[in-house]
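What follows is a set of notes on a single structure, which appears directly below.
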Amino acid sequence: MQFNYKYGSGSAVNNGVSSTNVSFAPDVLRDPTFFVGTLDKKIPFREAISALHHVVVADFNFQPKDNSAYLAWLKGQEEIWLSEASSDLSKLRSEIHEVRAKMDGLRKERDSIMKPYYKAQSAYFKFLYKRDMDAWMVLDPVITVHPDQVFFECFSKDESVYGKLSCGYDVFKDINEFKCGTTNIDYSKKLYEEFQKIRTYKETDFKIDPKGFDVKTTGEDNYREVKIDLPDSWVRGFLQVSTAMTTKKVSFELEAIDIANFISVLKRNKERRGPRSIKYILKPNEPIVAVFEPWNIEIVCNQSIYKGDEYEEIRVWGRRRILLLERLLPITNKFSVHLLGNGMPSFYTAHLTNDMYFTLGLSGWTANDWTQSSQLELLAPRALVPATTMQSIYLELRNTWFASETDLAKNLNLDVTTVNKSMETFAQAGKVIYDLKNKVYRVRELKRDGIDIESLRFSSETDKDAYRLMEQGAVANLKITEQNGKVLLTATVSNNYNTVVLIDKDLKITDAKCNCNEFYKNKMTKGPCAHILATRITFDKK
């Protein structure tokens with residue numbers, strides 16, 4: 001999928017003796033979006049925007065050592081050692097010596113020929129790393145201006161971590177002008193280094209430059225145009241994050257000292273075997289307990305009491321990515337944690353000031369990134385809301401830019417379920433995002449294109465296959481049983497696959513089984529298979 005950007009000059013931070021000017025260059029191909037004000041919470045902003053940069057460059061994938069050269073040498077040497085060990089004849093030793101001498105000569109000749117190439121290749125990559133860090137990144141951050149806040153969003157290099165910095169207008173003073181909308185900003189390694197020079201004694205002007213949208217008939221060369229052919233995985237990953245935020249979660253709060261203790265355990269210990277997980281033990285009205293496996297190190301969060309109604313035990317993986325929160329600890333009041341379930345994504349929201357917060361979204365585990373981890377949108381109830389109704393809901397949200405599902409339902413005289421289903425569809429399309437802290441939906445258009453309602457019916461091939469099975473009548477022997485307020489479904493799909501689906505009070509799948517190969521390989525960690533989903537859709541139709 002190709003994204004086109006066009007920036008007026010480049011983003012910059014101009015540091016003087018008594019003032020600092022932060023100017024972001026927006027994408028001029030989008031609708032005009034700008035913001036001009038003076039930063040008030042300087043140090044929290046500096047640390048938070050720096051933490052966002054750490055998310056962008058993060059790559060937690062396992063990096064194996066390159067032993068190819070050693071293995072190639074060993075392969076050639078093995079024959080020599082075997083020949084030397086099995087032969088006592090001087091003639092054979094002489095032949096071996098001649099062959100080895102000839103091979104050494106060929107290797108030297110090869111190295112001589114390839115040396116200029118390797119030297120040029122090394123110099124090129126060093127140049128890119130030092131001079132053009134943007135070439136190593138996938139996409140510049142996404143920035144959105146709303147009537148009450150400005151927020152930045154980014155994705156890590158390994159596509160397993162999502163970062164969002166939200167700055168309410170209390171973070172600024174003397175706001176001159178702004179226009180709501182979403183754009184991409186030019187954000188480089190050099191800009192990050194300049195951010196480190198922000199100080200409390202310097203006035204800091206914050207600007208998403210409105211001049212970047214001036215109409216120009218001359219000086220077109222002042223604009224920098226960038227065309228990036230993004231992998232679909234990046235776009236899908238961003239949409240998965242939006243969907244995950246709308247999913248039912250187990251939520252609780254932790255003190256900053258608790259996260260500091262987590263980081264301390266991770267720094268002092270190195271796992272040699274699995275499971276490499278954190279097991280959260282949540283007992284109503286008792287301190288939250290985190291068990292770090294496989295060492296079984298238990299951290300009791302004495303100041304953090306779980307306020308839920310039911311006992312929960314939830315394991316999450318990819319825990320070393322929590323280290324990205326370390327820089328925020330000195331300026332954080334507390335953390336809100338949202339867990340989607342065992343092996344599922346999780347969110348950590350750092351409350352920096354009254355109106356500034358940083359959200360870190362982690363996929364189920366690092367290798368199982370946001371682009372592959374779980375088709376989260378498929379866990380939600382699927383229903384076709386009329387296109388006109390969806391359009392009305394979206395236009396109502398555009399009028400205020402952010403609103404809760406209750407307010408939208410009240411203003412449009414609709415039921416909350418219809419609004420929620422529509423919002424989930426818009427989140428899957430990158431049109432809206434859910435604000436975990438304020439519990440409202442916000443307009444955030446990831447792409448400039450308009451809404452194609454019909455194209456949003458199927459979010460993936462799995463979704464499409466499931467509807468095809470349902471429409472063909474492949475789901476048979478559907479039995480519905482109620483168990484402790486939940487609904488248990490059993491069925492036979494395509495005469496071959498036996499499915500069991502458990503649905504909670506919110507009409508979402510909480511557990512399921514199938515005897516197909518897809519379920520055997522992935523269980524529910526990558527979302528339900530087409531047979532499970534077809535069973536669910538057939539139940540919805542009834």
*Distance from F347 atom CZ to L339 atom CG, nearest 0.5 Å?*
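The CG atom of L339 is 10.5 Å from CZ of F347, to the nearest 0.5 Å.
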Among all residues two or more places apart in sequence or in another chain, which pass the side chain to side chain contact (heavy atoms under 4.5 Å, CB included) test with [X]?
X: P330; answer: none
X: E253; answer: K334, S336
X: D148; answer: H146, F402, R442
X: S404; answer: T406, D407, V440

*Measure the shortest side-chain to side-chain distance between I143 and T182 over non-hydrogen atoms and say whether it is less than 4.5 angstrom.*
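I143 does not reach T182 side chain to side chain.
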*Is the charged tip of R398 near the ring of W401: under 6.0 Å from the six-membered ring centre and within 45° of its axis?*
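The answer is yes; both the distance and angle limits are met.
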*Please determine if K164 forms a cation-pi arrangement with F151, meaning its NZ or CZ atom is less than 6.0 Å from the six-membered ring centre and no more than 45° off the ring axis.*
yes
*Strictly under 6.0 Å, is that where the ring centroids of F34 and F178 end up?*
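No; F178 has its ring centre 6.0 Å or more from that of F34.
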*Check for a donor-acceptor pair, side chain of S264 on one end and backbone N or O of A260 on the other, with a separation under 3.5 Å.*
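Such a contact is absent between S264 side chain and A260 backbone.
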*Kindly say whether S160 contributes a backbone atom to a donor-acceptor pair with the side chain of R321 at under 3.5 angstrom?*
yes
*Yes or no on side chain to side chain contact (heavy atoms under 4.5 Å, CB included) for F206 and T38, after CA distance, side-chain angles and deciding distance?*
CA-CA 6 Å; F206 182 90; T38 302; over 6 Å; no
_Among residues at least two apart in sequence or on other chains, which ones pass side-chain hydrogen bond (donor to acceptor under 3.5 Å, both in side chains) with R320?_
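E271.
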*Polar side chain donor-acceptor pair, Y357 to N333, under 3.5 angstrom*: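 Not at all, the side chains of Y357 and N333 share no donor-acceptor pair under 3.5 Å.
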*Go through E293 and R319 one step at a time and tell me if the salt bridge (charged side-chain N to carboxylate O under 4.0 Å, His left out) criterion holds.*
CA-CA 10 Å; E293 300 174 319; R319 61 195 178 192; over 6 Å; no
Would you mind writing out the side-chain donor-acceptor pairs for residues 279-286 within the sub-3.5 Å range, not counting sequence neighbours?
{"unit_1": "Y280", "atom_1": "OH", "unit_2": "Y348", "atom_2": "OH", "d": "2.9"}

